[in-house]
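See structure below.
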Amino acid sequence: MVNTQIADLFEEIASLLELHGESNPFRVRAYRRAALTLKNLTESVSDIAERGELDDIPGIGKDLAGKIREYLKSGRITLREDLKRNTPDFMLRMLEIPGMGPKTARTIHERFKPGGYPELKKLARSGALRELPGIREKTERHILEGIEITERKHSRVSIGEALPLARSLVAGLSRLDAVDRADAAGSLRRMRETIGDVDILVASSSPQAVMDAFVKMDGVWKVLAHGHARSSVVMREGMQVDLRVVEKECYGAALLYFTGSKDHSIRLRGLAKKKGYKINEYGLFEIRSGKRIASAEKDIYEALGLAYIPPELREDRGEIEAAARKRLPRLVELKDLKGDLHAHTDWTDGVDSIRAMAEAAQKMGLEYLAVTDHSRSLHIAGGLSSERLSEHSAAVRELNKTMPGIRLLAGAEVDVLEDGSLDYPSDLLEKLDFVVASIHSGFRQGKARLTERLVRAMRSGRVDLIGHPTGRLFGERNAYELDFDLVFKTAAETRTALEINGCPERLDLDDLRIREAVRAGVTLAVSSDAHSKSHFNNLEYGVGTARRGWCEKDDILNCLPLKELLKKNRP
DNA sequence: GCCGTTTTCGGCCCGACTGTTTTCAGTCG
C-alpha cells in the first residue's frame, strides 16, 4: 500500500535528519508524526491527492504534501535520496541498537566508520570506543549488550503471546506484599494487535522492594535499567518488559500516561496546557498554583472537558474530538457476546469433540455455539464430504437434546471456491442453521477477482457470515487487497455479516477496516475460530479489536440473544 | 515542518534513567 511506503520513507527521513545533526527537533517530529498519520489512514493517499486534498490531512502541510506528490509521480523523494547518498547504511542500522541514538551513532561513525556489527563489536571489545567524548567503559559494554539484544529480540509479537505473559507477570507482582495494585498498560491495555514492549504499572509505597523483586523474576534474561521508579528487562523469549512504580495517589495519572498512545498523550497535554494545566504521570496540576487538580483517569479527562475515553480508542484517531462533543461510542464488551458463530471440532481440524467444545462455550457464559467445520475442498483440514456434513449436523442436533443451557447450531465453514461458488450444493446449505463462508485458496488472484468471489458468495443467499475477510496471517501472509467499498456495500445490502476473527494471528478484519465497515452500516460478528477448547479466549482479542474499531453492541451479530439471532437470520 | 479562541511568528509533552559528568547530554517511552 502506497501509504505505508511513504510512511516508511518519512520515518527514514526523520532518522536521517537526526543523524545529520538536524538542529530543529520539531522538524524531525513533523516527519514522524506524518508517517504515523499516513499509516492510520484507510484511504489511499493517491486518491486524496487526486482530489487535491493532501494538505487537509492533519500534520501534512504544504511541504510534506509536495513530497507525497513527488513520490506518487516519480516513486522517489529527492530529500531522502540526497540524505541517503550521504549516509552509510550501517550508520542508519546502528539506531536499531537499544540505547544507541543519533548522537552516539554519529560520533562513532565519524571516527571509526564501522561497516557492520562485527566491526562495531570488535571496536567495543578492544576499548577503542572509549577514546570518544562521552563514551567510557560502561557505554562500550552497553553497546555490546545492545547488539546482543538486537540480534535476539524479535520485533513485535501478537497480543496472543504478549497478554498471557503480561498477566502472569502482573499476577506475580500482585503477590508481593509491597504491591497495592498492578496492571498491564501500554499497547496491551489498548489491545493493539501486536505488542512491542510489555508495560506494567504498579502502585506501591516501597518502590525499591518491588523493583528488586521484578528484576529477579523468573524468565528475566537481561536488566536494561533498574531504578526506583522505573526498570526495564528483556525476557528470555526476547520480549522487553518495562515496569513503572508510583504511589497509590498517582495511580490513575500514571495509568493514563503509561497507557498512551504517545500521540493521544501529546494531544491531552496540549489541551491541558491551553487550560493552564500540566499533565504528568503524577496527576493533573494547575500551573499557576502547582496544585494537583485530578489524579484519576476519569477526573483528568473531565478536567479537560472530555468524556472518559476507553484505552482501546486512545490512538488520536478522532476520539478526543468525539469525547469533547460527548459523542463517543458505547463500546461493545466481552460480556455482551451471547454466542460464538465460528468454531471447529475433531470432525475436521479441531482437536476437541463437539460436546467438549459445547461445554467450554457454556463455561464462557455463551447461549449458543455454531459448530462450523470445514467443507469438502479443504482437504488439508479434513473437510467434510456432503454425506459427512449431514452426519455432522445430525450429531450436533442430537447433542442439543442432551445439553440444556447451550444451543448448538448446525453449521459449516464453507469454502468460497476460486470462481466464487460455494463448496456445498445450495440445498445442503439451506438445511444448516448457520453458514460461514471463507476464502482458503487462490489468494493471488488479485483485487478484482477476490472481491468478485466474496460478492458472489454474499449474493448467494446462503451465507450468514464471511470468515476472516482479508485472509491475513500474522507473520505469514499479508491481507489481500479488496475493493472494500463494494464488499461493505454488498454486505450491508445482503445483510451478510463480516467477521472479526479473534484468532490473534488473524484479527481479521482489523481495527481500521472494522471502523469503515461500521460506518458503511455493515453488521459484524466477533468469532473465536476456535480449534480447541482453550481457543474461546480468542473472543477477548476479537472484542478488543472490535472496540478499537469503535464497535457498539448493536453492531455485533452475536450480541443478539439466540431467539433474535434465529429470527434475523432466517426470517 | 506544522499550526493558529496565545493566528503568520513562536511555539511545539514531560519526566526517568544512565553515564560521564560537577550540572548535564543522550536516550527512551
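In what follows, chains carry the letters A, B, and so on, assigned in the order in which the sequence lines appear, proteins first and then strands, with residues in each chain numbered from 1. Computed over heavy atoms, backbone and side chain alike; hydrogens, waters and symmetry mates excluded.
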## Note on the structure
The Watson-Crick or G-U wobble partner of B/dT8, with both key distances under 3.5 Å, is none
#### Entry: Given A/Arg192, A/Arg547, A/Arg548, the one that forms salt bridge (charged side-chain N to carboxylate O under 4.0 Å, His left out) with A/Glu312
A/Arg547
### Message
Taking any heavy-atom pair under 4.0 Å as a contact, classify A/Thr139: base, sugar-phosphate, or nothing.
### Response
sugar-phosphate
### Task
Please state the P separation for the pair B/dC13 and B/dC3 - nearest whole angstrom.
14 Å
#### Entry: Whole-Å P distance, B/dC14 and B/dT8
23 Å
### Query
Rounded to the nearest 0.5 Å, how far apart are OH of A/Tyr71 and CG of A/Leu9?
6.0 Å
### Query
Does A/His142 have a side-chain nitrogen or oxygen under 4.0 Å from the phosphate oxygens OP1 or OP2 of B/dT18?
no
### Task
Could you tell me whether A/Arg515 sits above the aromatic face of A/Trp550, with NZ or CZ closer than 6.0 angstrom to the six-membered ring centre and within 45 degrees of the axis?
yes
### Query
Using a cut-off of 4.0 Å on non-hydrogen atoms, how would the nucleic acid contact of A/Asp242 be classed: base, sugar-phosphate, or nothing?
sugar-phosphate
### Task
For residues A/Pro207 and A/His228, report the shortest heavy-atom separation together with the two atoms involved.
CB-O, 3.1 Å
### Message
With hydrogens left out and only the distance checked, is there a donor-acceptor pair under 3.5 Å joining A/Tyr257's side chain and the base of B/dG29?
### Response
yes
### Task
Just call it for A/Arg29: base, sugar-phosphate, or nothing, with non-hydrogen atoms closer than 4.0 Å on any strand.
base
### Message
Say we look at B/dC2 and B/dT6: how far apart would their P atoms be, to the nearest angstrom?
### Response
22 Å
### Query
Would one find a side-chain N or O of A/Tyr277 under 4.0 angstrom from OP1 or OP2 of B/dC14?
no
Atom pairs and distances, side-chain donor-acceptor, residues 127-136 of chain A, under 3.5 Å, sequence neighbours left out:
{"residue": "A/Arg130", "atom": "NE", "partner": "A/Glu140", "partner atom": "OE1", "Å": "2.9"}
{"residue": "A/Arg130", "atom": "NH2", "partner": "A/Glu140", "partner atom": "OE1", "Å": "2.8"}
{"residue": "A/Glu131", "atom": "OE2", "partner": "A/Arg111", "partner atom": "NE", "Å": "2.9"}
{"residue": "A/Glu131", "atom": "OE2", "partner": "A/Arg111", "partner atom": "NH2", "Å": "3.1"}
{"residue": "A/Arg136", "atom": "NH1", "partner": "A/Arg130", "partner atom": "O", "Å": "2.8"}
{"residue": "A/Arg136", "atom": "NH1", "partner": "A/Leu132", "partner atom": "O", "Å": "3.2"}

### Query
Contact class for A/Lys262 vs. all strands (heavy atom < 4.0 Å): base, sugar-phosphate, or nothing?
base
### Task
Identify whether any heavy atom of A/Ile279 sits under 4.0 Å from a base atom; if not, whether one sits that close to sugar-phosphate; answer base, sugar-phosphate or nothing.
sugar-phosphate
#### Entry: C1'-based separation of B/dT20 from B/dA25 [nearest Å]
9 Å
#### Entry: Cation over ring face, A/Arg32 and A/Phe10, 6.0 Å, 45°
no
### Task
Could you work out the separation of B/dG10 and B/dG15 based on their P atoms and round it to a whole Å?
25 Å
Report all interatomic pairs (protein N or O, nucleotide N or O of nucleotides 21-24 of chain B) with separations under 3.5 Å.
{"residue": "B/dT21", "atom": "OP1", "partner": "A/Arg136", "partner atom": "NH2", "Å": "3.1"}

### Task
Have a look at A/Ser231 and say if it touches a base, only the backbone sugar-phosphate, or nothing, with a 4.0 Å heavy-atom cut-off.
nothing
### Message
Any base atoms under 4.0 Å from A/Glu18, or only sugar-phosphate, or nothing? Heavy atoms, all strands.
### Response
nothing
### Query
Is the base of B/dG29 touched by the side chain of A/Asp197 through a donor-acceptor pair closer than 3.5 angstrom?
no
